[in-house]
Amino acid sequence: MGFRRTISELRAAMRNLFRRGRIEQTLDDELHAYVELLAAEKVREGMPRADARRAALIESGGVEQVKEDVRDARAGAWLESLARDVEHTLRGLRRTPGFTVAVVATLAIGIGLNSAIFTLTYSVLARPLPVRDADRVVNVYARLRSGGVAGRNVNGNPSFLSYDEFLEYARASSFASSAVYHSVDLSVADGTARLADGELVSCDYFRTLRVSFALGRGFTPEECAHVGGAPSVVLSHGAWQAQYGGDSSVVGRVVHLNGIPFRVVGVTERAFDGIALQRASIWVPITMQIALSHGRDSAVVQNNLSWLVMVARLAPNATLEQANAEATVIGHRLDALASGRQTIPSVVRGAYVNFPEVAGQGALPLALIMLLGFTIVAMACANVVSLVLARGLARRREIAIRLAIGASRAKLVRQLVIESGMLATLGAALGLAFVYALPFVVRGLSPIANMQLDVSPDHRVIAYVFAVGAAATLLFGLAPALQATSVDLASAFKNVSALGRLNVRPSRVRAIVVGVQMAGSAMLLVVGGLFLRGTRRAVANDPGYMTSGVVSFSMNAEAIGYDSTRAASVYAALVERIRDTPGVASVALTSRMPLLASTSAGFYVERGNGDSLRQRASFMVVSGTYFQTMNMRIVRGTTFDSMSTHTPEYPVIVSGSLASATWPGEDALGKRIRWRGAWHRVVGVASEAAVSSLARTAEPVLYLPVVDPLGKQIVARTTNSPAKLMASVPEWAREIDPQLTVASHRFEDRIAMALLPGQLVAVATGVLGALALLLATIGIAGVVTFAVGQRRHELAVRLAIGATARDVVMLMMRQGAKPLSIGAGVGVLMAVVLAQLARGFLYGVSPLDPIAYLAILLVLASAGIAATYVPSRRAALIDPAATLRDEA
Amino acid sequence: MTIRETEPSKLLQGTLDLLILKALALGDMHGLGISRRIEQMTHGTFRVKPGSLFPALHRMEDAGWLAPRWGESEANRRAKYYRLTAAGRKQFQTEESEWQRVAVAITAALRTT
């Protein structure tokens, strides 16, 4: 019975909601029939027809009122009234398209940017890995307390494991299975040579990640039982399609990796590209590591090396806490074997980037990013509040009328909140479009080629966007709603001057909003200004070398097993061919390009009095033509001879900074430097160059001559189009040896990439800050206008007793100055803190750079003065006599 | 006495439904007819005004107790007639016995000295 009634009411509610037009019509007919019947009754009782109808209407108590009561009684009445409110709101918003568009656009930008920041951080730090049952997958890290770090070698992150350590942790019963991986570039030769993103993995890698195979299988335990085991390889689905055209006979085929034959045993399913940020296309057993490096690198048997990322699948009933406890016990056991070592193992939910440092040192930049994100939303909300408040004043009369004819305050507040909610929902929906566009943006800007970071929104991101929307509704919706309904009916109906006697809360709220906007805009503008100065400086600074027309080529000779002699002949042939190309000014070899990697080293220098001094400098290994190629100069002495074998004593070249810091007032030529156990003589002093950062145009640099070309890059400067050269060199290398692959890079592109983040921040913060400033000035103008109206009477008295026009204008301007200056002050302080944290992006511009701060303060002050002066001037136009007469 | 204006007491809230069900149990009727029939049945004690009658009718219709139809009234005017459904009849029985129980109990309570 109760159930049937509920069903019947639900059906009725739907009918009432969706067939409202017809139902309203029926109700209207029914009530009119009632009145007619009542009138007919009265006529029968002897009343004249005209009177009867009137009496019947009166007795019915007003048809409209009855209708309203029926509507309230009907099933789904609240739903229906909600629908009516929504309809009403939509009509209202359509009537003021300018306001609606401004609010929705502001919210969309605010919510969109904030959500984009959230999505990026979430995708990198917390999103489950792209594998089956990812919620059971964990990463295992082992951080070393400071004491044990000294002798430890690190390749990647200090929390990574060595292979032996992994084998110990893998024994934990909390793990159903576990594995390690390490990314490595592999030279693949199967007809044509190419470089592939490979991974060295332990045997259980595929089983742990529950990867299935399109063809063949993963590695068997025998294949990785001992170092140098079976040369087997698994290909990704993508590599199989691209390189083998999806040929199913690929399993069993032999491919050469780094020149060593491997047998293909399997092809993974389509969706799997490894679990590192960079997509992998080929997997080999970790036990083949030494062989793949041609015996040069024995990482897999080194015990004190951090280089492997461990991933494990929790056993069916195991918890993260159990796993952590067990890992700690194993860590202690390992510590017992090495004196003075203290390991802090941690087992964390699987994600792309989740090593302990992210939780520790990384927390600060993260908090910074989130803070920026929330500032953006708060600014958007403040902007919307000021828009809504401005409209609230305009709607004061409308609301007063509706209150007067009997609408309840609760109903009005509900309607205003519905309006805010709808605006926020529209804003959030548009903001979501930002988030959906994010994958394309990221793909366009990504510094990592082949990045598989999934930044498409999932249910958590969508929930987040709407949560931010809801929070925004509360932030900007409630205050104006309360303000708008606390209307004093009597004065609202009078004219504007009567507004002066209203409670002052609205103007207080507006002053606070203006202060917040000012703070936000000051902060954003200062940060934006600093970043802009930073990037401008980075671009404008003369790095001391040429960037345009400079191209670098890196080769895989080392990976495919070339020895120094063989490499030397290949390099010589390529260098000669490049040099003979028309337009090429100079060619050289170098260990690295400036700015793109940083290596520094400590060494001893010989002083005049015979003692030695410890020095530290960036160092580069370059051939003699490097300086000419980069358009640098040898200030004193000579450059290196052409590639030739050197005795244990090398000639070295120092930068001017290094020379003057080491031998002040002396000639550096002929001085000696102790480097890796031997003394070397300074033969030249090079012009200054920015090697480690564009922030420093002069820094100590030590240049060593190239002894072994293996692993070096070829760098060339050309006056013709670099594109042709970049395409030709790989061809020439292939002609020498089909297994040789060459990657070409335009130096300018790589520098631009390094500058991009700073430029993006500068533009984003600058635009938002300017927007906030614009709204703050409009807001303050409103506050002052309001105040002039409010204090009209007082101002008239002041003028009457002798105050000059200038006095009253100043008086009013001071009123506006308070929220502005407090806001700007707070904003600048926040900027100081933020800038300290963002120091790394400022390219040597001080976080307290006076020019940026003064310029922004000047902008803020002039905007503030203009925004308060214009409305304050109206105070001077008050006619005391007329005003006082009116008010009396 | 009118229910809407004086709102005698919360006790009488359910009475309107019961009276409407009773009125319709005697035969299909339109709004004004129901109102008049209740007046007759209660010897003029309850005069149901449209402001309470129609909300009640629509609520009961949504609950599935009444079924409407349009018909010709005695004066050849179109009017919306209400008919008790099976569910409505059952509801009437339940409410009637409930009312009897309460009435007996209250009467007994008032008689105690």
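Every chain is numbered from 1, with letters handed out A, B, ... down the list of sequences.
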Review point. Heavy-atom distance under 4.5 Å between the side chains of B/Arg36 and A/Leu38, does that happen here?
Key: yes
Point to revise | Largest heavy-atom contact set with chain B, pairs under 4.5 Å, which of A/Val70, A/Thr26, A/Val66 | key: A/Val70
Check your understanding: Of all heavy-atom pairs between A/Ala33 and B/Ala79, which one has the smallest distance, and what is that distance?
Key -> CB-CA, 4.2 Å
Exercise for review: For A/Tyr34 and B/Pro50, work out which heavy atoms get closest and say how close.
Suggested key: OH-CD, 3.5 Å
Review point. Does A/Glu59 come within less than 4.0 Å of B/Lys49, counting only side-chain N to carboxylate O?
Key: no
Review point. Given side chains that start at C-beta, do those of B/Trp70 and A/Glu30 come closer than 4.5 Å, heavy atoms only?
Key: yes
Study note, to complete from the structure: Note: vs chain A, highest number of non-hydrogen pairs under 4.5 angstrom among B/Ala56, B/Ser35, B/Ala63 is B/Ala63
Check your understanding: With a cut-off of 6.0 Å (strictly less than), are more than 12 heavy atoms of other residues, nucleotides or ligands near CZ of A/Arg54?
Key -> no
Review point. Does any non-hydrogen side-chain atom of B/Lys80 lie less than 4.5 Å from one of A/Asp29?
Key: no
